[in-house]
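Quick notes on the structure that follows.
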Amino acid sequence: FIKLVDSSTYGSKMPRANWDFIGNCVLPIPPPVEQEAIAEFLDRETERIDRLVTRKQELIERLKEKRAALISRTVTRGLPPAAARAAGFPENPTFRTSGLDELPEIPSDWKVSKVWLERVARNIEYQDGNHGELHPKTEDYVSDGIPFIMANHIVAGQIDFTICNYIEPELAASLRIGFARTGDVLLTHKGTIGRVGLVQENRFPYVVLTPQVTYYRCLRHISARYLFWFFQGRYWQDQMYLISSLGTTRGYVGLLDQRALNLILPPLPEQVTIASYLDAETVKLDALVATVEAAIERLQEYRTALITAAVT
């Protein structure tokens, strides 16, 4: 029935069906006793399937919570003992007072630093995209060229080049700022707050950012891959959301606000090891989530097929 009605819809932005068409659809009507039996059967069976789906959705939430907790703990307290031992770091490092209310202790050889301090030290640079009249418009989009990256184009920790917009290379070259390169860490700071990505290897000389996205380029003493994971940790995300909640109804953490945010930085060798550890462990958790999501999809397909078979 859904496919039949869908076949009659019109309008691209908000598809709608013609009521006369729906009113003239032919329906198979069993005898009343059989209708009741079919309905009772489907009530029972779909409830059972829905319970299974709910349990699997709860499992996905727990796996995502475990992933978030793993990242947050590792980028603020270091590697778990077994991983630290395997990497040649102390299993039980000493801690010192951090001076931060939200994070009382950090390992004694780690440092707390402001974003602007790391910029002044030439360890990082950061910049968002063009504002105002230099901002490319919809009519500037082309089918191929230089990627023009908005917040929603950052998917699963990288740029999804299949859904982003493109602008002419000549237009891109005329812009002042916002040129991100392979290896830069991307952070969304307007509207969508705190989405994180890393510019992966690609065929483009650079990508151009909108004012929604900031790139962080690691120059020395800071691993880009560590920064990618640190930005996903609860401590950094809480800083972002606290600032964004103080502004307008649409969240915003501009460059001036970002410069005052705190970074928690282990020595560079430990940064690299932490990043490698999180790369490996999150892949395992992501694979589990994907497996459960596939199971949910199969259950939902079975539910639809069961209903269709019973009512026809």
Side-chain angles (χ1 to χ4, degrees), residues 59-98 100 102-113 115 118 123-124 126 154-159 181-188 194-201 214-240 261-293:
L59 175 58
I60 287 174
E61 288 305 309
R62 289 197 297 273
L63 287 168
K64 288 181 176 179
E65 288 169 2
K66 180 176 180 179
R67 184 185 193 275
L70 175 70
I71 295 168
S72 296
R73 185 208 176 281
T74 308
V75 298
T76 55
R77 297 189 67 81
L79 295 163
R85 181 174 64 253
F89 294 105
E91 292 183 46
N92 299 295
T94 58
F95 285 81
R96 66 174 178 84
T97 301
S98 69
L100 305 172
E102 308 84 357
L103 194 66
E105 289 185 334
I106 59 172
S108 55
D109 58 344
W110 292 25
K111 73 172 182 176
V112 177
S113 182
V115 167
E118 296 305 311
N123 293 332
I124 60 170
Y126 60 96
I154 300 173
V155 180
Q158 61 182 9
I159 298 171
R181 304 196 299 253
T182 299
D184 288 348
V185 182
L186 303 181
L187 178 70
T188 64
R195 186 177 295 182
V196 183
L198 197 70
V199 183
Q200 71 270 36
E201 292 287 340
T214 302
Y215 75 75
Y216 279 74
R217 184 168 298 150
C218 295
L219 305 174
R220 58 177 193 164
H221 302 316
I222 299 177
S223 158
R225 197 75 197 176
Y226 170 80
L227 202 63
F228 167 78
W229 288 117
F230 177 75
F231 282 171
Q232 294 178 67
R234 189 169 294 122
Y235 175 70
W236 177 269
Q237 292 285 319
D238 285 348
Q239 290 185 91
M240 293 279 290
L261 297 177
N262 292 312
L263 297 171
I264 312 298
L265 299 173
L268 184 58
E270 196 168 356
Q271 291 180 38
V272 173
T273 304
I274 285 172
S276 297
Y277 170 77
L278 289 174
D279 286 345
E281 293 302 311
T282 55
V283 162
K284 297 174 189 175
L285 292 169
D286 291 343
L288 286 172
V289 168
T291 299
V292 180
E293 287 175 338

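Each residue takes its place number in the sequence, starting with 1. Keep in mind it's a predicted model, so treat the numbers as computed, not measured.
To the nearest 0.5 Å, atom CD1 of residue I71 and atom OH of residue Y277 are 11.0 Å apart. Rounded to the nearest 0.5 Å, atoms CZ (F89) and OG1 (T273) are 4.0 Å apart. Atom CG of L288 sits about 13.0 Å away from atom NZ of K64, to the nearest 0.5 Å. To the nearest 0.5 angstrom, I274 atom CD1 is 14.0 Å from R225 atom CZ. Separating the CG atom in L227 from the CG atom in N123 is a distance of 11.0 Å, to the nearest 0.5 Å. Between the OH atom in Y215 and the CD1 atom in I124 there is a gap of 11.0 Å [rounded to 0.5 Å].
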query: Can D109 and E270 be said to form a side-chain contact (heavy atoms from CB on, under 4.5 Å), step by step?
result: CA-CA 10 Å; D109 58 344; E270 196 168 356; 4.1 Å; yes
message: Assess the residue pair I106 and T76 against the criterion (side-chain contact (heavy atoms from CB on, under 4.5 Å)); give the C-alpha distance rounded to whole Å, side-chain angles, the decisive distance to 0.1 Å, and a yes or no.
response: CA-CA 6 Å; I106 59 172; T76 55; 5.7 Å; no
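Using the six-membered ring where Trp is involved, Y235 and F230 have ring planes that are tilted, between 30° and 60° apart.
The heavy-atom pair separating S223 from L268 by the smallest distance is N-CD1, 3.7 Å. Nearest heavy atom pair, residue A224 against residue C218, reads CA-SG, 3.5 Å. Minimum heavy-atom separation, A84 to E91: CB-CA, 4.2 Å. Between Q271 and I222, the shortest heavy-atom distance links the atoms OE1-CA, 3.4 Å. Looking at every heavy atom in both residues, P267 comes nearest to W110 through CD-CD1, 3.9 Å. Taking all atoms of both residues into account, the shortest heavy-atom contact from A87 to L79 is CB-CD1, 4.4 Å.
With Q200 contributing its side chain and I159 its backbone, the two residues share a donor-acceptor pair below 3.5 Å. No donor-acceptor distance shorter than 3.5 angstrom exists from the side chain of R195 to the backbone of L187, with no hydrogens or angles considered. Using a distance-only test at 3.5 Å, with no hydrogens or angles considered, no donor-acceptor pair links the side chain of Q239 to the main chain of L261. Side-chain atoms of Q237 come within 3.5 Å of backbone N or O of F231 as a donor-acceptor pair. E105 contributes no side-chain N or O that, together with a main-chain N or O of R77, makes up a donor-acceptor pair within less than 3.5 Å.
The shortest distance between side-chain heavy atoms of R67 and D286 falls below 4.5 Å. Between V75 and I264 there is no side-chain heavy-atom pair separated by less than 4.5 Å. Contact of the L186 side chain with the F228 side chain is not registered, since no non-hydrogen atoms from C-beta on lie closer than 4.5 Å. In this structure, the side chains of L103 and V112 stay at 4.5 Å or more apart for every pair of heavy atoms. Put simply, the side chain of P266 reaches to within 4.5 Å of the side chain of Y226, judged on heavy atoms. Between W229 and V196 there is no side-chain heavy-atom pair separated by less than 4.5 Å.
For R181, the CZ atom sits in a loose shell: 12 or fewer heavy atoms of surrounding residues, nucleotides or ligands are nearer than 6.0 Å.
Salt bridge absent: E102 and R234 never bring a charged side-chain N and a carboxylate O closer than 4.0 Å. Residues E65 and R62 are not paired through a salt bridge, judged by the lack of any N-O separation under 4.0 Å between the basic side chain and the carboxylate.
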